[in-house]
Amino acid sequence: MEFKDLKGRVSERIIEDLKKALEDRKISKKDENKIVEMILKDYEDAQINPGEAIGIVTAESFGEPGTQMTLRTFHYAGVAEVNVTLGLPRIIEIFDARKEIKTPMMEIYLKKPYNKEPEKVRKIANLIKGTKIIEVVNEFTINLSSLQVELILNKPKMRDMNITETHLVNAINEGIKGVNIKQDKDKIILKVKPKEDELMETYKVKEKVKDVYIRGIKGISYLLPVKKQNEFIILTAGSNLKEVLEISEVDETRTVTNDIFEIQSVLGIEAARQAIINEASKVIEDQGLDIDMRHIIFIADVMTRTGDIKGITRSGITGEKESVLARASFEIPIKHIINASLLGEEDHLNSVIENVLLNQVVPLGTGLPGLVAKMKGNKEKDKEKYKK
Amino acid sequence: MKSYKIEDHILVPKHIKLNEDEIKKVLDFYNISIKQLPRISPKDAVIKNLNVKQGDVIKIIRNSDTAGETVFYRVVGK
């Protein structure tokens, strides 16, 4: 066995490490071959055997440290607006593949010239922050006699935020269809185009106009520039990966969000898999626990196997199990059994849990291989016998 | 607004479309049928530009924390 034979038989990292180790030392060809052989043997010994119950090992590896996780959500260094869900609630969020996560967050990295000076970073942060009309308006009123919505503007605040009336009018124009916009001194007046139910429409417009974005990116409510190593990055509350990546100052290769479904839709399923691994190991590290990476990788692989993110829930991967009994043993057994009987489903007892239920040998470890015996005698006769 | 390539993102590994011969090699190596491979949606953001159809196999070269680099395969599903 020589060094070059290792390729394809052990992982790339081992080959690289070995190459580095061999370079500095003077080792004879014979000894080198011996080392290679020992490495290969150790590598193959460390591999999982067929029939090993890796699922249960992973579950137990998560289960015990899971009892030590915190149940609280934390605040970010004195800033009330930026909350982070950590500990057990976050782990549940990730592995259940919740679509709506409690605290969406982004880490926005900036391109080279912008990421060094705090001033520039703040400027970009202001550009990203979503500003709604409600923030610069003192009062929304409906004038019942003329059926108009009147917005009384907060002029000083607008000056501070560098927003003019024209900005507002343009934003409303884009955000709401079918209204006439008039500008008065301190007011903006909206009049609904004549319709059957004008009062109702007017009321709807009044509510709708509050949520119109003047500028910035939808969904991002708070930005916090922080120093990370030797550059400034922006942490956000709220997440909108697609639109943030389109900003020209943003580094589109490193910016990430903690919303795994958003990553899937923008960057694809493989990126989502990596995001699950990253997010889960972030929580585990944060809690001071030590769970082997391979368990997390395994869960991420199972969750993304179908090309979609499936949580470990009865609507996710557990609900897709082939066996009726396996599904029934997870949650709501009666519903599963009734449905299976209505549809005439069959259970081939190929997996673990259904065989445990029936007190049979489970197909794991030594229970996996079957025994085939070749008997002497008439083959045709035997065949018929076994058919019965 | 700017145009950017999602392939450059740190979370996105390399995706390569395989031809017929390579697909057969992969299936023979693992001794499986094509149905047993994990799937990827044809609408997936990364393979949009690869011009794929149902039944194509995508080779994915991941950067792994444990093994340095690993190869993974997904079949394009419905």
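In the text below, chain A, chain B and the rest are named by the order of the sequence lines, each starting its count at 1. What you are looking at is a predicted structure, and each value in this text was computed from that prediction instead of being measured.
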Which one wins on heavy-atom pair count under 4.5 Å against chain A: [options]?
options             : result
B:T70, B:V76, B:I60 : B:I60
B:S64, B:P38, B:G77 : B:P38
B:N63, B:V75, B:D8  : B:D8

Distance, nearest 0.5 Å, that separates [atom1] of [X] from [atom2] of [Y]:
X      : Y      : atom1 : atom2 : result
A:R305 : B:L37  : CZ    : CG    : 11.0 Å
A:I297 : B:R62  : CD1   : CZ    : 8.5 Å
B:H9   : A:T255 : NE2   : OG1   : 6.0 Å
B:R74  : A:T304 : CZ    : OG1   : 4.5 Å
B:Y4   : A:I247 : OH    : CD1   : 10.5 Å
B:I10  : A:Q274 : CD1   : CD    : 9.0 Å

Where do [X] and [Y] come nearest, in terms of heavy atoms and distance?
X     : Y      : answer
B:P13 : A:A271 : CD-N, 4.5 Å
B:A45 : A:G268 : CB-N, 4.0 Å
B:T66 : A:M293 : CG2-CB, 4.1 Å

Would one find more than 12 heavy atoms of other residues, nucleotides or ligands at under 6.0 Å from atom [atom1] of [X]?
X      : atom1 : result
A:E285 : CD    : no
B:N31  : CG    : no
A:D45  : CG    : yes
A:Q47  : CD    : yes
B:D28  : CG    : yes
A:E320 : CD    : yes
A:E44  : CD    : yes

Most heavy-atom pairs under 4.5 Å with chain B, out of A:E16, A:Q264, A:E12, belong to A:E12
Output the option from A:D308, A:D301, A:V10 having the highest count of non-hydrogen pairs under 4.5 Å with chain B.
A:D301
Per-residue contact mode, A:N278 against chain B (heavy atom under 4.5 angstrom)
side chain
A:I14 versus chain B, heavy atoms under 4.5 Å apart: side chain, backbone, both or neither?
neither
Under 3.5 Å donor-acceptor, B:D44 side chain and A:G307 backbone:
no
